[in-house]
Every structure is written in structure tokens, then in C-alpha cells.
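One structure is given below, encoded as C-alpha cells.
Residue numbering restarts at 1 for every chain, and letters A, B, ... go by the order of the sequence lines. The model shown is predicted, which means the values in this text are computed figures rather than measured ones.
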Protein chains: 2
Amino acid sequence: MIVIDAASPTPPYEQLRAQLARQIQDRSLAVGTRLPTIRRLAADLSLAVNTVARAYRELEEAGLIETRGRAGSFVSAAGVQALDRAHSAARDYAAVVTSVGIDPAEAVRIVEAALGVRQR
Amino acid sequence: MIVIDAASPTPPYEQLRAQLARQIQDRSLAVGTRLPTIRRLAADLSLAVNTVARAYRELEEAGLIETRGRAGSFVSAAGVQALDRAHSAARDYAAVVTSVGIDPAEAVRIVEAALGVRQR
DNA sequence: TGCCATGACTCAACATGTTGATACAAAGCT
DNA sequence: AGCTTTGTATCAACATGTTGAGTCATGGCA
């Protein structure tokens with residue numbers, strides 16, 4: 001079940017991406033499952049095709065899904081196990097920074113720096 | 001030495017904040033050091049007062065500096081040791097996610113979720 | 001080969017974030 | 001008390017990000 005809150009400050013495409021990523025991570029969407037087409041999902045959620053397409057594109061860049069052209073988009077095997085370990089490591093990191101009293105926003109920026117991600 | 005790249009996609013206030021945070025973290029700016037006034041720094045860097053003020057405000061929220069009204073802004077003792085441990089933990093996390101091949105942008109979002117930070 | 005359902009692309013309207021000029025409030029100093 | 005220097009708040013102009021409608025390119029299939 002996916003719900004988009006139009007009143008939320010986080011944009012719809014990101015809400016959708018996050019919810020799909022979560023369902024993949026907790027196996028609600030098993031590896032190999034075919035996702036709905038972007039038009040179908042857009043219609044169901046009353047979103048623009050573009051919005052759903054962007055969520056799918058980002059999931060593909062992250063290695064969570066594969067798009068096989070005409071055949072549709074599928075949950076990829078590669079990313080799922082990696083996600084588990086990343087979540088576990090993230091919990092460890094969160095525990096450290098909260099225990100030393102670092103501001104969460106700053107903690108995120110520190111990780112961005114460590115990963116070499118261009119800051120927001 | 002602080003340089004602001006006006007052509008960079010990361011906004012000036014964030015560039016400034018990041019560079020000050022780094023100088024505090026590597027002790028170029030020792031605990032107790034008085035920072036330049038926002039007007040002085042704004043003039044030196046050819047920025048608006050507001051831009052420097054925002055960088056200082058965020059550093060204060062993060063616990064890295066203290067502003068003592070009329071007397072100016074100073075590097076705070078509290079945050080610095082915490083920063084060290086956070087940086088160390090962030091390097092650990094970065095090592096894990098890169099070793100399992102997670103996309104850096106996704107790795108950042110996973111940490112945001114673990115920290116309960118509202119996504120971008 | 002023609003069909004047609006799939007995701008990718010383009011572009012204008014709109015929403016949000018950022019900056020810079022200006023005015024304000026607080027507080028130490030003489 | 002008055003002056004001066006500090007950071008703070010307000011607000012309009014501008015830049016960037018997001019959305020939605022429409023069009024295009026691709027490729028499997030009868």
C-alpha cells in the first residue's frame with residue numbers, strides 16, 4: 001500500500017521512491033517482482049507520469065530495480081542484500097552520533113563528506 | 001583561508017559553513033577562538049551579511065560555535081570532541097556501504113532514515 | 001511488418017529556496 | 001545615558017527544483 005501526502009514538504013517523487021525502497025528492503029516486494037507500469041501507478045496515485053518515472057529512475061540508479069524496456073521494471077537481486085548491511089551499519093552510526101549528542105542534520109552532512117557526495 | 005566559489009551548485013552559505021566546520025574540526029580554529037564578525041567576513045568574501053549570518057546560525061545549532069551577543073561568536077568546546085567521534089564513525093559507515101556497492105546517494109538517505117531526519 | 005504498450009524526453013507553469021538591502025534589538029564601553 | 005558594534009528579523013528579487021501535459025524512441029509480439 002502506497003500513499004502520497006500532497007501536503008508533505010517532501011516532494012511526491014521522493015515519498016514514492018522511499019516507500020518503494022522500503023517495500024523492497026522488507027521483502028514486501030520480492031526480488032524479481034514486476035513493478036506496475038509508470039502510467040498505471042501514476043493513475044492509481046493521481047500523479048503525473050513524470051513523477052513516477054523519476055522515482056523509478058532513481059531506484060534504478062541506486063541498483064534496486066532494473067528496467068527491461070518494453071517488458072517493464074523489476075526488483076533487482078543485486079541491491080537487496082547490500083541494503084540490509086547498509087541499514088545495519090546506519091543504525092550503528094546513528095547510535096554513535098546520538099550518544100555523543102551530535103545534531104542529526106550535522107551528522108548527515110558528516111556522512112555526506114565521508115562518502116564524497118556533493119553537499120545538497 | 002576561505003574561498004567561496006560562486007559558480008558551484010552548492011550555495012555560498014553552505015560552502016562557508018562547511019569550511020568553517022572543517023577548520024574547527026581540524027583545530028585550525030581552536031576552541032575559544034573568536035570568529036570574525038559577520039559584517040567583516042561578508043565584506044572580505046563579498047557576500048551579503050545574511051549569507052554569513054545563516055552559516056553562523058547553522059554552526060550554532062550544530063553546537064560548534066556559541067554566539068555571545070555583542071562580544072561576538074566563539075568556537076565552542078562542547079561540539080569538537082563529539083565531532084571527532086562522529087567523523088570516525090562516518091568513515092566506518094562509508095567503508096561498509098562502499099564495500100557492498102551501495103550508491104552513495106542512497107547511503108545518505110539510509111542514514112537520514114536511521115537518524116529520523118525528514119528527507120530533503 | 002505493423003501494432004502498441006513500455007519507459008525516456010521536452011518544456012512551460014508553478015513552488016520553493018537563496019540572496020542581498022535594509023531596518024531592528026541587544027549589550028558592552030566611555 | 002549615549003554611542004557603537006554585535007547578531008537578528010523582514011521582505012522583495014532572483015535562482016533553482018518540481019510537477020504535469022504532451023511527444024518521442026524502443027522493442028516485443030501476433
Nearest whole Å is fine: how far is [N] [atom2] from [X] [atom1]?
X	N	atom1	atom2	value
Glu14(B)	dT19(C)	CD	P	10 Å
Leu59(B)	dT8(D)	CG	P	12 Å
Leu41(A)	dT19(D)	CG	C1'	16 Å
Ile38(B)	dT4(D)	CD1	P	19 Å
Leu16(B)	dG20(C)	CG	P	12 Å
Phe74(B)	dG28(C)	CZ	C1'	12 Å
Glu61(A)	dA8(C)	CD	P	10 Å
Glu58(A)	dG17(D)	CD	P	13 Å

Worksheet item: Does Thr51(A) have a side-chain nitrogen or oxygen under 4.0 Å from the phosphate oxygens OP1 or OP2 of dG20(D)?
Response: yes
Worksheet item: Between dT18(D) and Arg54(A), is there an OP1 or OP2 to side-chain N/O distance shorter than 4.0 Å?
Response: yes
Worksheet item: Knowing that exactly one of Val97(B), Ile102(B), Val100(B) qualifies, which makes a side chain to side chain contact (heavy atoms under 4.5 Å, CB included) with Arg85(A)?
Response: Val100(B)
Worksheet, complete the sentence: Closest to the side chain of Ser73(B), out of dG7(D), dT19(C), dT19(D), is dG7(D)
Discussion item. Looking only at the side chain of Tyr13(B) (C-beta and beyond, no hydrogens), which of the listed nucleotides dG7(D), dT18(C), dG7(C) gets closest?
Written reply: dT18(C)
Response to the item:
Ranking Val49(A) and Pro12(A) by the position along DNA chain D of their nearest nucleotide, the one closer to 5' is Pro12(A)
Worksheet item: Which sits closer to the 5' end of DNA chain D, Ala71(A) or Ala48(A), going by the nucleotide each is nearest to?
Response: Ala48(A)
Discussion item. I want to check something: taking the side chain as every heavy atom from C-beta on, are Ile38(B) and Tyr56(B) in contact at a cut-off of under 4.5 Å?
Written reply: yes
Discussion item. Going by side-chain hydrogen bond (donor to acceptor under 3.5 Å, both in side chains), Tyr13(A) matches just one of Arg54(A), Arg57(A), Glu58(A). Which one?
Written reply: Arg54(A)
Counting only distance, no hydrogens or angles, is the base of [N] paired donor-acceptor with the side chain of [X] under 3.5 Å?
X	N	result
Arg39(A)	dG7(C)	yes
Arg70(A)	dT26(D)	no
Asn50(B)	dT8(D)	no

Fill in: Between OG on residue Ser73(A) and CG on residue Leu64(A), distance to nearest 0.5 Å
12.5 Å
Discussion item. Return the CG to OH distance between Asp92(B) and Tyr93(A), rounded to the nearest 0.5 Å.
Written reply: 10.5 Å
Item to complete: Give one of base, sugar-phosphate or nothing for Arg40(A), where a contact means two heavy atoms less than 4.0 Å apart.
Response: nothing
